[in-house]
Amino acid sequence: MRLSLVEIDYHPEVLRNLCRIFQEQLPAHPQLELQVFASTSVAEKTGGAERFPEFQWFSPRSGESIPAFIQRHDAQLQGSDAVFFNTLASHFRFFSTWTCRPPLILRLHNASAYLNPEARWKPIWTPFFLWKDASHWVRKELGEREAHWRRRFVARVDAFQFADSGIASYVEENGWMKGRRSVPPLPFAQAQEGYRKALPGPGAPLRATVIGGIDPRRRDYPGLLAALRQAVPHFNRPLELCLLGRPRGRFGQAVLRDLRALSGERFSVEAFEAFVPQQTFEDRIGQTDFLFIPALENTRYTVWTESYGKTKISGNVYDMIRYGKPALLPAHYRLPEGVDAMVERYTDPQSLAARTLEWVNGSGLAERHGQMEQALRSFRREAVQKQVAQFLNAIASLSPSSKTSP
């Protein structure tokens, strides 16, 4: 089977994880031939042919547009058994009229914007977001008619793939897949060895981490701060909090200042003012005992509302899976089946404070830590091998697309 992977927009880390999974599974699927069509920046960040020499890599020439790039390699794409878009967030007009004879599969990162017929713009009444939304409407909707051409493209997709079973079930429950097909999810991360850590003994310091830049768009830092203000005075052992990402703007600096104000004998903060190098990132993850994942319930994709755990994943959840770290996670987030065993849920700052105390002072962390092997079973190499087989079988069952340019 020849499978073409296309990533012309972003998500190099997702493409890298996908390529890593296919690379590791090639011995079990020797008939699989992969060719990757990626923008130059995405290919470089992914690792390209140097990191994945088993695959064929294609990128635009200097100054070449994406439509010209695709047309130049049209024969290679049309010779595939399937064309898999790891992301498509631009050039909808071109791709909605491009003839694709093989089955076309789209991996969805923002299910509501692409599939929800009742998706609506909900303004955020701040000068920054009003200006940003106005700019989007003028450039993308009035200028490029992006929503129209995205709908046209979505209508010709042969099958969709969701990030995980939690999102797939939510989309099905809401009826957004009527008349549409899907293929089984492939994990955004595979559980890796080398980052597991035995828990410290009673009274020894614990280390918790929040992964990602400190900004208000993805994580509820005010809620985390409120919870720690309640919990820190009652710690009976030290907790070291690592903020593994640089602060963004005035918001990030304010959060960092307020968290550092809680520092004392039983609480300390490590933070970074600039980009965190990969080796430093991995070192800190290796030292981590558990994660705080204060994922917001709702976020934005351009001007459209998405819900974490329902229509969109949080990358932090897949960090939790990849590195094998128990986590404190909001109750609203839907997880892939089985993963809840390594997670403790909370609903508001008060319950997060209570759960944090249970993990720092009591046995809560040890209980979740003991469940990790079971929780990660579906993300081990052997399980992923079966998922890859199911995915390839589903692609093989798709009848070749007979659509021509609309």
Using side chain to side chain contact (heavy atoms under 4.5 Å, CB included), reason through Gln253 and Arg257 one step at a time and then give a plain yes or no. CA-CA 6 Å; Gln253 293 294 342; Arg257 181 192 64 236; 5.9 Å; no
Output, in order, the C-alpha distance, side-chain angles, deciding distance and verdict of side chain to side chain contact (heavy atoms under 4.5 Å, CB included) for Val171 and Leu108. CA-CA 11 Å; Val171 170; Leu108 286 176; over 6 Å; no
With side chain to side chain contact (heavy atoms under 4.5 Å, CB included) as the test, would you mind laying out the steps for Phe160 and Met177 before giving the verdict? CA-CA 9 Å; Phe160 299 89; Met177 286 298 290; 4.3 Å; yes
May I have the step-by-step check of ring-ring contact (aromatic ring centres under 6.0 Å, His included) for Phe58 and Phe37, ending in yes or no? CA-CA 5 Å; Phe58 305 91; Phe37 300 83; 4.8 Å; yes
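Using a 4.5 Å heavy-atom threshold, the side chains of Met320 and Ile293 count as touching. In this structure, Leu352 and Leu228 have side chains that are not in contact, with every pair of non-hydrogen atoms separated by 4.5 Å or more. The closest side-chain heavy-atom distance from Leu18 to Arg107 is below 4.5 Å. Here the side chains of Thr288 and Cys242 are not in contact, with every heavy-atom distance at 4.5 Å or above.
Using a distance-only test at 3.5 Å, with no hydrogens or angles considered, a donor-acceptor pair links the side chain of Arg237 to the main chain of Gly201. Under a 3.5 Å cut-off, the side chain of Glu7 and the backbone N or O of Tyr10 do form a donor-acceptor pair. Between the side chain of Asn110 and the main chain of Ala113, no donor-acceptor pair closer than 3.5 Å is present. At least one donor-acceptor pair closer than 3.5 Å links the side chain of Asp9 to the backbone N or O of Ala89. Between the Lys310 side chain and the His332 main chain, a donor and an acceptor come within less than 3.5 Å of each other.
Among Tyr170, Trp176, Trp304, the single residue meeting the side chain to side chain contact (heavy atoms under 4.5 Å, CB included) criterion with Ser112 is Trp176. Of the candidates Arg20, Glu24, Arg380, Gln387, Gln190 forms a side chain to side chain donor-acceptor pair (under 3.5 Å) with just one, namely Glu24.
Relative orientation of the Phe94 and Trp98 rings is parallel, given thresholds of 30° and 60° on the angle between their planes. Ring orientation note: the planes of Phe69 and His73 are nearly perpendicular, at an angle over 60° on the 30°/60° scale. Ring geometry, Tyr114 versus Tyr301: the interplanar angle falls from 30° to 60°, so the pair is classed tilted. Between Phe188 and Tyr318, the ring planes lie tilted relative to each other; the angle falls in the 30° to 60° range. Ring geometry for Phe153 versus Phe85: interplanar angle over 60°, hence perpendicular rather than tilted (30 to 60°).
Side-chain atoms of Trp359 and Asp289 form no donor-acceptor pair, as typed in the model, at a separation below 3.5 Å. There is a side-chain donor-acceptor pair under 3.5 Å between Arg334 and Ser169. Judged purely by distance below 3.5 Å, without hydrogens or angles, the side chains of Glu337 and Ser378 never pair a donor atom with an acceptor atom. No side-chain N or O of Glu240 forms a donor-acceptor pair with one of Gln287 less than 3.5 Å apart. Side chains of Asn316 and Arg218: a donor-acceptor N/O pair is absent below 3.5 angstrom, by distance only. For the residue pair Glu282 / Gln278, a side-chain donor-acceptor distance below 3.5 Å is found, with atom types taken as modelled. A side-chain donor-acceptor contact under 3.5 Å links Asp283 and Gln279.
Distance check, rounded to the nearest 0.5 Å: CZ of Arg16 to CD of Gln23 gives 12.5 Å.
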